[in-house]
Amino acid sequence: MAVGKFKKQPFEEFVIAANFANNMNIPTEDLVLGSCTVTAVDVNEVDATATVTDQSTISIGTAEEQGYLKILIRAGVEADSPYKITFRGVTDSTPPEKWEKDVQMTIEEQ
C-alpha cells in the first residue's frame with residue numbers, strides 16, 4: 001500500500017511503500033536498492049528505525065510496481081507517535097536522481 005499517513009495498532013505488521021514512479025523516467029530508469037533507505041523518528045525526533053521498521057525487508061517494485069520502495073512496518077508505542085518514516089530513493093540514472101517522501105504513522109491502541 002502506498003500511503004502518506006496511516007494509523008495502526010502496536011501488534012500490526014504490514015508492508016508500506018513510497019511511489020517515486022511519477023518522478024522517474026519509467027521504464028528506462030529504476031531505483032538502486034543498495035542506495036535507497038527507509039528511516040524513522042518518533043514524535044520527539046528520536047531515531048526509531050529499528051523499532052518500527054524491519055530493515056531486512058526493504059525492497060523495490062518490479063514490473064507494474066517499478067519506482068516503488070517498500071518496507072515492513074511493525075510495533076510502535078502510542079506515546080511516541082506520530083512517527084515520521086522517511087523513504088529516500090536513488091535512481092540508476094547518470095547522474096543519479098534522488099527523491100524523498102515522508103509518511104506519518106500514528107499508533108492507537110483500541
Side-chain angles (χ1 to χ4, degrees):
M1 112 168 93
V3 295
K5 132 190 226 186
F6 66 96
K7 295 179 183 178
K8 73 176 226 38
Q9 293 198 47
F11 174 78
E12 297 174 322
E13 295 185 0
F14 47 87
V15 174
I16 64 169
N19 181 357
F20 297 107
N22 290 335
N23 304 104
M24 297 168 53
N25 186 16
I26 303 284
T28 59
E29 185 178 29
D30 205 354
L31 295 172
V32 178
L33 181 58
S35 299
C36 296
T37 62
V38 182
T39 58
V41 293
D42 67 18
V43 70
N44 299 308
E45 298 291 320
V46 174
D47 182 22
T49 303
T51 302
V52 299
T53 68
D54 182 343
Q55 292 291 302
S56 71
T57 66
I58 293 176
S59 64
I60 58 175
T62 58
E64 68 277 348
E65 288 187 330
Q66 189 174 357
Y68 282 73
L69 180 58
K70 305 185 278 186
I71 194 164
L72 181 76
I73 295 301
R74 61 182 183 188
V77 176
E78 191 169 4
D80 292 339
S81 74
Y83 293 87
K84 180 175 80 169
I85 301 164
T86 302
F87 290 80
R88 290 191 176 122
V90 179
T91 69
D92 60 1
S93 63
T94 304
E97 294 183 340
K98 298 177 181 178
W99 305 100
E100 181 173 323
K101 291 196 178 190
D102 294 324
V103 174
Q104 181 180 311
M105 178 178 75
T106 302
I107 307 298
E108 285 187 2
E109 185 64 57
Q110 299 174 344

Decide ring-ring contact (aromatic ring centres under 6.0 Å, His included) for Y68 and F87; before the verdict, give the C-alpha distance in whole Å, the side-chain angles of both, and the deciding distance to 0.1 Å. CA-CA 10 Å; Y68 282 73; F87 290 80; over 10 Å; no
Working for side-chain contact (heavy atoms from CB on, under 4.5 Å), residues W99 and K101: CA-CA 7 Å; W99 305 100; K101 291 196 178 190; over 6 Å; no
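- Defined by atom type and a distance below 3.5 Å, a donor-acceptor pair is present between the side-chain atoms of T91 and E29.
- D54 and T57 share no side-chain donor-acceptor pair at under 3.5 Å.
- Nearest heavy-atom pair across K8 and P10 is NZ-O, 3.5 Å.
- Distance OG1/T106 to CZ/F6: 8.5 Å, rounded to 0.5 Å.
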What's the verdict on side-chain contact (heavy atoms from CB on, under 4.5 Å) for K5 and V103, showing C-alpha distance, side-chain angles and the deciding distance? CA-CA 5 Å; K5 132 190 226 186; V103 174; 5.7 Å; no
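- One hydrophobic cluster, built from ILVMFWY side chains closer than 4.5 Å, holds both L69 and F14.
- Shown here for E100 and F20, the closest heavy-atom pair between the two residues is N-CE2, 3.8 Å.
- Remark: the backbone N or O of P95 is paired with a side-chain donor or acceptor of S93 at under 3.5 angstrom.
- M105 CE to I16 CD1: the interatomic distance, rounded to the nearest 0.5 Å, is 7.5 Å.
- The shortest distance between side-chain heavy atoms of Y83 and T53 does not fall below 4.5 Å.
- Linking ILVMFWY side-chain heavy atoms closer than 4.5 Å, directly or via other members, places V90 and M24 in two distinct hydrophobic clusters.
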Full working for side-chain contact (heavy atoms from CB on, under 4.5 Å) between T49 and Q55: CA-CA 8 Å; T49 303; Q55 292 291 302; 3.3 Å; yes
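- Between Q66 and P27, the shortest heavy-atom contact is NE2-O, 3.4 Å.
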For E13 and L72, what are the C-alpha separation, side-chain angles and deciding distance, and is it a side-chain contact (heavy atoms from CB on, under 4.5 Å)? CA-CA 7 Å; E13 295 185 0; L72 181 76; 3.9 Å; yes
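- Residues E65 and K70 are paired through a salt bridge, judged by an N-O separation under 4.0 Å between the basic side chain and the carboxylate.
- Using modelled atom types, one side-chain atom of E12 and one backbone atom of Q9 make a donor-acceptor pair closer than 3.5 Å.
- Listed here is the closest heavy atom pair of I107 and E78: O-CG, 3.1 Å.
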Which pairs would a plain distance check flag for residues 30-46, meaning a side-chain donor or acceptor within less than 3.5 Å of a matching protein atom at least two apart in sequence or in another chain?
unit_1 : atom_1 : unit_2 : atom_2 : d
D42    : OD1    : N44    : N      : 2.8
D42    : OD1    : E45    : N      : 3.3
D42    : OD1    : V46    : N      : 3.0

